[in-house]
Amino acid sequence: MANLPIVQFEKKIVETVDQNPVVVIIGETGSGKSTQLSQMLHRKGYTNSGIVSVTQPRRVAAVSVSRRVAQELGVRLGEEVGYAIRFEDRTSERTQIKYLTDGVLLRESLSNPELNQYSVIILDEAHERSLNTDILLGLMKRLVRRRASNLKVLITSATLDGEKVSKFFSDCPLLTVPGKLFPVEIFYSKERPISYLESSLKTAMGMDDIEKLVSKLEDKVRSLEEGSCMDAIILPLHGSLPPEMQVRAFSPPPPNCRRFIVATNIAETSLTVDGVVYVIDSGYVKQRQYNPATGMYSLDVVQISKVQANQRAGRAGRTRPGKCYRLYPSRVYHDDFLDVTVPEIQRSSLAGSVLYLKSLDLPDIDILKFDFLDPPSTESLEDALKQLYLIDAIDENGSITSIGRTMAELPLEPSLSRTLIEANEYGCLSQALTVAAMLSAETNLLPGRSKNNEKKRKYPPLELPDGSGFGDHIQLLQIYECWDENDYDIGWCKDYDLQMCIRQMSDMGIESDYWSSDVRVNQNQKRRQSYRNLRKALSIGFASQLAERMRHHNGFRTLGFKPQLVQVHPSSVLKPDDDGLYPNYVVYHELIATSRPYMRNVCAVERQWVIPILEKLDKLDVRKLSGGGLGHVEEITEGNKSDLLKKEAVIVTAPEEQESKIQAARERFLARKGKK
DNA sequence: GAGCACTGC
């Protein structure tokens, strides 16, 4: 600890914190900021007036860093130093330093918006720009004004965006702490390889790419002349590897043998492999993006940011001086790469986050004007509002409903929390909990579906239930039921997360009186009836993810978004009936654009359930939802005049006239919609 | 008939 670079800056850091409500710390890798900042402020006495908290984007980090700090202070973990992550709260009344995931801090601020228990909040790794961190940044900006006298906020970030964060917090002070990395020499390519996979040495991005590259490297090594170079082992490293395979990348190689680790961006931040000396950086990453106009996700190969490139290079210098080969020219790095990764908030569906913000009841609540470090597009926010309206979380004026409040409390995406609430009414809550958990927990209840397993499998594939013709949600439920009847065969799947997930949600509901009935009582209901009820609940929860079959073929048209022609994903259990047709209406869990636009996880719903949704869609008026109607009038000044006049509906009138203007705007909107 | 970057409550 004593030789960590940050320790020399203790006096300066503590002084700056004493004198300012917000401080940005630029701490390079290995500076010790994650373990030391909290201890410095503890020594300075900040733990006398509250807890010093440090947020982390990942659970493992919260656990491992708190463990180190407890060790350094010579206390037992969970006493003076503790951590809180989902499913696990290891803090006590004596806790003075608390590490937690940013998701947990957001949850806490729902029940205690002032976060009074904390004297210091440190948002660590803010440059990763996780959705939760970005929301916390906005909330912190408000909170430091309200608790100016007794709250300190520290934000740690990377060199390249420190200035921006400081500007966001009214030009707060910015301190830079050097890291403790060995020098890494950077080599650029003269040009970009035509295909990042075809040229022989490079990192890959996806599981598929990694498997291909691993076997290419193996061939190459085998074809080398005996003794012409060191022996080599080639190891894949990505998130969908089973843990025991992941571990292999971490064990040191046998003597005289070189490790080739072919990794996704999991090795960029989440995992640190010791002993890496050379890094080959393709300059690309696979990123999931959401298109708010279509409701569609896609997984795209995109250029990395400078922060990511530096992070990758840094992996070579942790144990001794290293080298990084960048498969792109330095011009590309300097001119083409963005400084910082596009924040998640600008490439995800925001329904959950908007509902969360609404449920906080901030006094001047206008979601479109919430102070984000990097605001998401208006289109994206309006998409979120539309979705929330269709599932009854907000009313036509954009105000949160009581259903919406209950939904916000549940640790699920809004469509699933809405489904649970409805299922509770219909007496099929336990089934809905199962489906929600199966969809949201990453479980492998379905035994090995990958190609490799297919080849290697000695036994015929297991007969899976067929969803009784209703689709994937029902199949998921049936799979769980089979598994349940077979006494939870652990060999068949990993069950732990799933069990925890179901238990957490059912406990939360019981404790807060959301659930009117005991979850277990429903267990013995007639299944068929519960399938129908469950599907009905799903139709309400997924009202914003509804699709209608085309009259003459099996394509579907999405309703609620700009209409998209989509297909049922081939992996779905839902198959055409005897006439060769799919059901007239389905709800889907997500739209994913791969080779074509597909609906993944679909559930057949009935026409009579769909009618109210269509009526609601007809009435939908985004302007009212976003507060652009009553009570929210932008004043025309010389400064904003030209901007405002560009907008379609500027309302600058007396309140009585507003209604009629809004009516007129609405009619125009509907007329336009009719034309399309 | 297709395909799974990575997190988090």
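Throughout, a chain's letter reflects where its sequence line sits, starting with A, and its residues are numbered from 1. What's counted below: heavy atoms across the whole structure, side chains too, no hydrogens, waters or symmetry copies.
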- request: Starting at atom CG of A/Leu106, determine the distance to atom P of B/dG8, rounded to an integer number of angstrom.
  value: 14 Å
- request: Output the single nucleotide from B/dA5, B/dA2, B/dG8 whose closest atom is nearest the side chain of A/Pro570.
  value: B/dA2
message: Of the options B/dA5, B/dC9, B/dC4, whose atoms approach the side-chain atoms of A/Arg107 most closely?
response: B/dC9
message: Mind checking if A/Ile266 touches a base, just sugar-phosphate, or nothing, with heavy atoms under 4.0 Å?
response: sugar-phosphate
- request: Taking only the side-chain heavy atoms of A/Arg596 (C-beta and beyond), determine which of B/dC4, B/dA5, B/dA2 contains the nearest atom.
  value: B/dA2
query: B/dG8 P sits how many Å from A/Asp89 CG, rounded?
result: 17 Å
Candidate nucleotides B/dC4, B/dC6, B/dG1, ranked by approach to the side chain of A/His238 - the nearest: B/dC6
- prompt: Over how many whole Å does the gap from A/Leu574 atom CG to B/dA2 atom C1' extend?
  reply: 16 Å
query: Given atom CG of A/Asp102 and atom P of B/dC9, what is their separation to the nearest angstrom?
result: 8 Å
field: Over all atoms of both residues, closest heavy-atom pair of A/Phe337 and A/Gly283
entry: CZ-O, 4.0 Å
field: Whole-Å distance separating the CZ atom of A/Arg59 from the C1' atom of B/dG8
entry: 7 Å
query: Looking for any heavy atom pair under 4.0 Å, which part of the strands does A/Tyr356 touch: base, sugar-phosphate only, or nothing?
result: nothing
- prompt: Would you call A/Asp300 and A/Lys286 a salt bridge, using N to O less than 4.0 angstrom?
  reply: no
- prompt: Within the structure shown, what part of the strands sits under 4.0 Å from A/Ser130 by heavy-atom distance: base, sugar-phosphate, or nothing?
  reply: nothing
message: Between A/Arg347 and A/Val342 (side chain of the first, backbone of the second, donor and acceptor by atom type, cut-off under 3.5 Å), is there such a pair?
response: yes
message: By the 4.0 Å heavy-atom rule, please label A/Thr269 as base, sugar-phosphate, or nothing.
response: nothing
- request: Give one of base, sugar-phosphate or nothing for A/Arg58, where a contact means two heavy atoms less than 4.0 Å apart.
  value: sugar-phosphate
field: Separation of atom CG in A/Leu131 from atom C1' in B/dC6, rounded to whole Å
entry: 13 Å
- prompt: If you check the A/Leu299 side chain, which of B/dA2, B/dG8, B/dC4 turns out closest?
  reply: B/dC4
query: Can you check the A/Gln308 CD to B/dA5 C1' distance for me, whole Å?
result: 10 Å
message: Taking A/Asp392's backbone N and O only, do any of them form a donor-acceptor pair with A/Thr401's side chain (distance below 3.5 Å, no angle check)?
response: yes
Lys/Arg-Asp/Glu bridge criterion (N-O < 4.0 Å) met for A/Asp361, A/Arg405: yes
query: If you look at every strand shown and take non-hydrogen atoms under 4.0 Å, does A/Arg129 touch a base, only sugar-phosphate, or nothing?
result: nothing
- prompt: So does A/Glu108 pair up with A/Lys98, basic N to acidic O under 4.0 Å?
  reply: yes
- prompt: B/dC4 phosphate, OP1 or OP2: any side-chain N/O from A/Arg288 under 4.0 angstrom?
  reply: no
- prompt: To the nearest Å, how far apart are A/Met599 CE and B/dA2 C1'?
  reply: 15 Å
task: State which of B/dC9, B/dC4, B/dT7 makes the closest approach to the side chain of A/Glu344.
output: B/dT7
message: Among B/dA5, B/dG1, B/dG8, which nucleotide has an atom closest to any side-chain atom of A/Tyr598?
response: B/dG1
- prompt: Which residue, A/Val104 or A/His569, contacts DNA chain B at a nucleotide closer to its 5' end, judged by nearest heavy atom?
  reply: A/His569
